[in-house]
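Step one of this worksheet: look at the structure below.
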Amino acid sequence: MNTSSSVRRFTRWGRSICLLSTALACLLLSPGLRAAPPTDRPNIIFILMDDLRWDEMDYPFVTVPNIRRLAREGVHFRNAFVTTPLCSPSRASFLTGQYAHKHGITDNTDRSPRSHELLTFPRILHDAGYETAFIGKWHMGLDDHARPGIDYWVSVKGQGRYLDPEFNVNGRRERIPGYFTDILNRFARDFLKRKHAKPYLLYISHKAVHPDLVQNADGSLSDPSAGKFIPADRHKQLYAEATIPRRANYGRPPESKPALLRMIAGVPPLGPKTGTDDETIRSRLRMLASVDEGLGQILEALEGQRELDNTLIVFTSDEGYFYGEHCLSVERRLAYEESARIPLLMRWPKLIKAGRVIDEFTLSIDLAPTLLDVGRAPAAKGIHGRSLAPLLRGEQVPWRKSILIEHFSDGVFPRMSRMGYQCVRTEQWKYIHYVDLDGMDELYDLHADPFEMKNVIGQADARSALGEMKAELDRLLRASE
């Protein structure tokens, strides 16, 4: 054997492997960011609310100084939407950047095994060198065990309880006295005050402002009324005299929504008594006060460690809630603005100019690619969302002109029976196609009817718009296969 010739062949082979490995790594990294040094990567704090509407923080009497600070010192997305306005599917979409029809978490039944398989942005950031922490309600099944890619895990079985809840703390279950939100805030603050050798992701998943109940494996509820909202004792008298702002569609029973006008045994027709009462709304806003206090503690901890401006903070919600619009309340799920629109705030001075407002359509599925982008992590395959980084930088880039919202029929609330749908929304029009009901589709001209009270699907002058919306819905569904 010619030893020198063998060595040369081995050296060439090894060099080729190294070059190929480098090329593959470059292909995996987010375009435009792969050359940035790891030290440029921010810490990331992702705060997810439960059922918080996009508009209620703007009520004049609501006191949320720390949330408003995020908007003042960061960016406010005014047209942010979830792709499925229901807890479990929405949470999976935030984590994966995929529509529910792709990731498979389509309802609130116990999908624990599937949720362990999801390729989530915390998992990818962890593999890219981030220290990761998840604190709060996972709510994709009843399993409270840590999901892959999480270094520091604090969670509950299913929904958890507001008072003296039991937590799984890094594999050890313990009942912790106190109020759920305060406990989460304390865990978050303690995590931030630890020494961190790497950039970190802290994912805080609040139970607030969701009602207190148990969700069973089949998705059914211990409290079918879903009406028990528990603020901390110190906030129980907050806003006692406040007048609740009401939208123009409040207390207006639907007149042209055939799916909601169906007569269903044991279900009263929609009317003034089926909407959300003022005291329930006050209680939900009282629960928000504890969340805002916790955000203040987070900001204080970051400032104390001189990490505030090196941290991207995201504040959002998994869906909205009806406050009596169309005489609806606990149903959520539907494609109307009150359910599908969400708050979305971000703060990171190194990328975001203070006080910015962005009006482009943004979606829950955009958060995963955005956080992978700024974290210099490989871009996962199969993501439907888009990184918001170009918008955050103020770049003029082509952006989406329509959005897809979907829901899959479930049986938790009888009024929502067979109301799975596919919806497309543009700046002017919204078309809702009910996939399990014939002849009950809806079309709204949002310029003329921003409160979605007049279904114009049967009008001759809307025929052209209907055809265009159907075609756009087909296009969005094909693009997300």
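Side chains are part of it too, since the values below use all heavy atoms of this structure and drop only hydrogens, waters and symmetry mates. Residue numbers start at 1 and run along the sequence shown. These numbers were taken from a predicted model, which means no experiment stands behind them.
- For the residue pair Gly160 and Phe180, the shortest heavy atom distance occurs at CA-CE1, 4.4 Å.
- Residues Ser339 and Val82 come closest through the heavy atom pair O-CG2, 4.4 Å.
- In plain terms, the two heavy atoms of Thr84 and Ala100 that are nearest each other are OG1-CB, 3.7 Å.
- With hydrogens and angles disregarded, a donor-acceptor distance shorter than 3.5 Å links the side chain of Asp449 to the backbone of Met453.
- Remark: side-chain polar atoms of Asp410 are not paired, donor with acceptor, to backbone N or O of Asp107 under 3.5 angstrom.
- For the 3.5 Å distance criterion, the side chains of Thr109 and Asp218 fail to qualify, holding no donor opposite an acceptor.
- A donor atom on one side chain and an acceptor atom on the other are found under 3.5 Å apart for Arg91 and Ser205.
- Residue Tyr59 holds its OH atom at 7.0 Å from CD1 of Ile244, rounded to the nearest 0.5 Å.
- Under a 4.0 Å N-O distance rule, the pair Asp309/Lys350 does not qualify as a salt bridge.
- Within the 4.5 Å cutoff, the side chain of Tyr323 has heavy atoms near those of the Arg284 side chain.
- Closest of all the heavy-atom pairs between Val456 and Trp429 is CG2-CZ3, 4.0 Å.
- By the 4.5 Å heavy-atom criterion applied to side chains, Val435 and Phe408 are not counted as neighbours.
- Under the 4.5 Å side-chain criterion, counting only non-hydrogen atoms from C-beta, Asn79 is not in contact with Trp54.
- Between Val424 and Ile403, every side-chain heavy-atom pair lies at or beyond the 4.5 Å cut-off.
- Relative ring orientation between Tyr99 and His101 is described as parallel, the plane-to-plane angle staying below 30° on a 0-90° scale split at 30° and 60°.
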Pair Asp366-Arg400, salt bridge (Lys or Arg N to Asp or Glu O under 4.0 Å): steps then yes or no: CA-CA 12 Å; Asp366 294 334; Arg400 62 171 68 95; 2.7 Å; yes
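- Using cut-offs of 30° and 60° on the angle between ring planes, the pair Trp153 and Phe134 is parallel.
- Formation of a donor-acceptor pair under 3.5 Å by the Asp164 side chain with backbone atoms of Gly178 is found in this model.
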Evaluation steps, salt bridge (Lys or Arg N to Asp or Glu O under 4.0 Å), between Glu481 and Arg478: CA-CA 5 Å; Glu481 289 177 353; Arg478 287 196 305 270; over 6 Å; no
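- Atom CD of Gln459 has more than 12 neighbouring heavy atoms from other residues, nucleotides or ligands inside a 6.0 Å radius.
- For the pairing with Leu391, the side chain to side chain contact (heavy atoms under 4.5 Å, CB included) check across Glu360, Arg386, Arg356, Gln396 returns one residue only, Glu360.
- By the 6.0 Å contact criterion, CD on Gln428 is enclosed, its count of non-hydrogen atoms from other residues, nucleotides or ligands being greater than 12.
- The two residues Glu56 and Val62 have their closest heavy-atom pair at O-CG2, 3.6 Å.
- Listed for the Asn185 side chain is a donor-acceptor partner under 3.5 Å among the backbone atoms of Thr181.
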ring-ring contact (aromatic ring centres under 6.0 Å, His included) evaluation trace for Phe121 with Phe46: CA-CA 11 Å; Phe121 74 79; Phe46 185 87; 5.7 Å; yes
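- Below 30°, between 30° and 60°, or above 60°: for Phe322 and Tyr336 the angle between ring planes is above 60°, a perpendicular geometry.
- No side-chain heavy atom of Arg252 sits less than 4.5 Å from a side-chain heavy atom of His326.
- Under the 3.5 Å distance criterion, with hydrogens and angles disregarded, a donor-acceptor pair is assigned to the side chains of Asn216 and Ser220.
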Intermediate values then yes/no, salt bridge (Lys or Arg N to Asp or Glu O under 4.0 Å), Arg341 and Asp55: CA-CA 9 Å; Arg341 285 183 75 171; Asp55 62 345; over 6 Å; no
Intermediate values then yes/no, salt bridge (Lys or Arg N to Asp or Glu O under 4.0 Å), Glu300 and Arg189: CA-CA 9 Å; Glu300 182 180 3; Arg189 185 177 67 248; over 6 Å; no
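- Note that the CD1 atom of Ile135 and the CG atom of Asp190 stand 8.5 Å from one another [nearest 0.5 Å].
- Using a distance-only test at 3.5 Å, with no hydrogens or angles considered, no donor-acceptor pair links the side chain of Ser417 to the main chain of Pro414.
- A donor-acceptor pair is defined here as one N or O able to donate and one able to accept, closer than 3.5 Å; such a pair exists between the side chain of Thr274 and the backbone of Cys327.
- With Asn168 contributing its side chain and Val156 its backbone, the two residues share no donor-acceptor pair below 3.5 Å.
- Surrounding CZ of Arg234 are more than 12 heavy atoms belonging to other residues, nucleotides or ligands, all under 6.0 Å away.
- The shortest side-chain heavy-atom distance between Ile298 and Ile204 falls under the 4.5 Å cut-off.
- Side-chain contact, Glu255 with Asn455: no donor N or O sits under 3.5 Å from an acceptor N or O.
- A donor atom on one side chain and an acceptor atom on the other are not found under 3.5 Å apart for Ser88 and Arg111.
- Contact annotation: the side chain of His407 approaches that of Leu86 to within less than 4.5 Å [non-hydrogen atoms, C-beta and beyond].
- Tyr431 does not carry Arg425 over the face of its six-membered ring by the limits of under 6.0 Å from the centre and within 45° of the normal.
- Atom CD of Glu395 is surrounded by more than 12 heavy atoms from other residues, nucleotides or ligands within 6.0 Å.
- The heavy-atom pair separating Asp51 from Asp318 by the smallest distance is N-OD1, 2.9 Å.
- Donor-acceptor pairing under 3.5 Å is lacking for the side chains of Gln422 and Glu406.
- Taking the six-membered ring for Trp and the full ring otherwise, the centers of Phe451 and Tyr250 sit at least 6.0 Å from each other.
- For Arg415 and Phe413, the positive end is not near the middle of the six-membered ring at less than 6.0 Å and at most 45° from its axis.
- Under the 3.5 Å distance criterion, with hydrogens and angles disregarded, a donor-acceptor pair is assigned to the side chains of Tyr444 and Glu442.
- In Arg78, the CZ atom is not crowded: 12 or fewer heavy atoms of neighbouring residues, nucleotides or ligands sit closer than 6.0 Å.
- Here the rule is side-chain hydrogen bond (donor to acceptor under 3.5 Å, both in side chains) with Ser93, and of His384, His103, Lys102, Gln98 only His103 fits it.
- Around CZ of Arg247, the count of heavy atoms belonging to other residues, nucleotides or ligands within 6.0 Å exceeds 12.
- For the 3.5 Å distance criterion, the side chains of Asp50 and His206 fail to qualify, holding no donor opposite an acceptor.
- For the pair Glu331 (side chain) and Ser329 (backbone), a donor-acceptor distance under 3.5 Å is present.
- Results of the side-chain hydrogen bond (donor to acceptor under 3.5 Å, both in side chains) test with Asn249 over Glu338, Glu325, Glu452 single out Glu338 as the only residue that passes.
- Using modelled atom types, no side-chain atom of Thr280 and backbone atom of Thr276 make a donor-acceptor pair closer than 3.5 Å.
- No donor-acceptor pair under 3.5 Å is formed between the side chain of Lys236 and the backbone N or O of Arg286.
- With a 4.5 Å cut-off on side-chain heavy atoms, Arg332 and Pro85 do not count as touching.
- In this structure, a donor-acceptor pair under 3.5 Å is absent between the side chains of Glu319 and Ser90.
- Aromatic ring pairs are classed by plane angle as parallel below 30°, tilted from 30° to 60° and perpendicular above 60°; the pair Tyr162 and Tyr179 is parallel.
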